[in-house]
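Keep in mind the model is a prediction, meaning the values are calculated, not measured.
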Amino acid sequence: GENVEQHPSTLSVQEGDSAVIKCTYSDSASNYFPWYKQELGKRPQLIIDIRSNVGEKKDQRIAVTLNKTAKHFSLHITETQPEDSAVYFCAASKYGNKLVFGAGTILRVKS
Amino acid sequence: DTAVSQTPKYLVTQMGNDKSIKCEQNLGHDTMYWYKQDSKKFLKIMFSYNNKELIINETVPNRFSPKSPDKAHLNLHINSLELGDSAVYFCASSQVSGVSTGELFFGEGSRLTVL
């Protein structure tokens, strides 16, 4: 089955700097790669996703890149703000099948 | 208008007891899930139901029994609770068939503490 690895497990950045979180997946048939953000004590919520026919997607300060050959995808957050502090999860699935999550990255933005 | 709601939010109970968590979604989705989030924040899928049919059953002790009376509801019953069952349990739903974004919508979570 699918296995998703996520790095780093914790990431501290200064406010205004960029943050990058990387994930690799094992199943070459996976074609859907979402990122979820979970604030302390809250539910995970989708922030951005990418499908296998696209290499990069942007939404304001966040972007996701996908390299299908290498089977890895990354989340990029620019101009980080204190409210970006949260746990971020990457995930992968074959469309319509179960979503397998990475172990999560705790992002701390220091002001 | 809560999209995915689960009750109770908090559950504190003794080892050996039986407890249930209920989940309802009003998004019209065809698939519902239970995820377990442990103290290290890892999100692990437990079960998935599509139109009331069990489609995913991960390696979960048979003390855990899901029930889906209709496609808008998915409940989780846990027998003979153990200390290791302490976690946050998230219900989620998505639309798998037809036109769909594939997005998972999570409930607020039910924090279970077994003493």
Side-chain angles (χ1 to χ4, degrees), chain A residues 1-11 21 23 25 27 29-54 57 59 64 66 73 85-108, chain B residues 2-7 9-10 21 23 25 27 29-51 53-60 66 74 87-111:
Chain A
E2 177 65 275
N3 182 47
V4 178
E5 295 197 355
Q6 182 172 347
H7 301 279
S9 56
T10 59
L11 179 59
I21 303 170
C23 289
Y25 61 99
D27 190 344
S30 286
N31 54 11
Y32 176 59
F33 308 93
W35 287 87
Y36 282 77
K37 175 184 180 183
Q38 186 178 23
E39 295 176 0
L40 189 61
K42 303 268 180 78
R43 74 188 85 191
Q45 290 190 286
L46 180 73
I47 54 171
I48 195 167
D49 58 12
I50 193 167
R51 299 183 192 280
S52 60
N53 56 345
V54 175
K57 186 175 176 182
D59 183 2
V64 57
L66 171 65
F73 56 113
S85 296
V87 181
Y88 290 81
F89 294 94
C90 63
S93 77
K94 295 175 220 181
Y95 189 71
N97 286 359
K98 70 179 183 182
L99 214 46
V100 176
F101 285 88
T105 296
I106 300 171
L107 174 64
R108 294 192 186 94
Chain B
T2 308
V4 182
S5 59
Q6 50 183 112
T7 55
K9 286 187 182 176
Y10 300 97
I21 308 171
C23 180
Q25 55 98 0
L27 296 166
H29 288 164
D30 59 6
T31 305
M32 295 184 72
Y33 311 79
W34 280 109
Y35 278 84
K36 179 181 180 181
Q37 186 170 48
D38 60 24
S39 56
K40 293 182 180 174
K41 302 295 184 189
F42 189 62
L43 270 169
K44 184 167 168 45
I45 191 167
M46 301 172 69
F47 302 103
S48 172
Y49 273 75
N50 177 272
N51 284 316
E53 183 184 342
L54 181 66
I55 56 169
I56 294 173
N57 185 350
E58 294 295 293
T59 311
V60 176
L74 180 61
V88 179
Y89 292 85
F90 283 100
C91 176
S93 74
S94 71
Q95 181 63 27
V96 170
S97 61
V99 177
S100 162
T101 64
E103 179 178 353
L104 260 187
F105 289 80
F106 285 89
E108 291 184 335
S110 296
R111 181 177 292 277

Please flag which part of A/Pro34 lies under 4.5 Å from any non-hydrogen atom of chain B: side chain, backbone, both or neither.
neither
Is there a ring-ring contact (aromatic ring centres under 6.0 Å, His included) between A/Phe101 and B/Phe42? Walk through the geometry before answering.
CA-CA 8 Å; A/Phe101 285 88; B/Phe42 189 62; 8.6 Å; no
Under 4.5 Å to a heavy atom of chain A? For B/Gln6 that would be neither
Ring pair (Phe, Tyr, Trp, His ring centres under 6.0 Å) partners of B/Trp34, counting only residues at least two apart:
none
Check: A/Tyr36 and B/Leu104 side chains under 4.5 Å, non-hydrogen atoms:
yes
Tell me, for B/Phe106 versus chain A, whether the close heavy atoms (under 4.5 Å) come from the side chain, the backbone, both or neither.
both
Say you draw a straight line from CG of A/Leu40 to NZ of B/Lys41; how long is it, rounded to the nearest 0.5 Å?
6.0 Å
At a heavy-atom distance under 4.5 Å, which candidate from B/Ile45, B/Val4, B/Leu43, B/Thr31 has the highest pair count against chain A?
B/Leu43
Working to the nearest 0.5 angstrom, can you tell me the gap between A/Leu99 CG and B/Ser48 OG?
10.5 Å
Sorted by chain and residue number, the ring pair (Phe, Tyr, Trp, His ring centres under 6.0 Å) partners of B/Phe47 (sequence neighbours excluded) come out as none
Okay, side chain of B/Tyr33, backbone of A/Lys98: is any donor-acceptor separation there less than 3.5 Å?
no
Please determine, among A/Gln38, A/Arg43, A/Lys42, the option with the most heavy-atom pairs under 4.5 Å with chain B.
A/Arg43
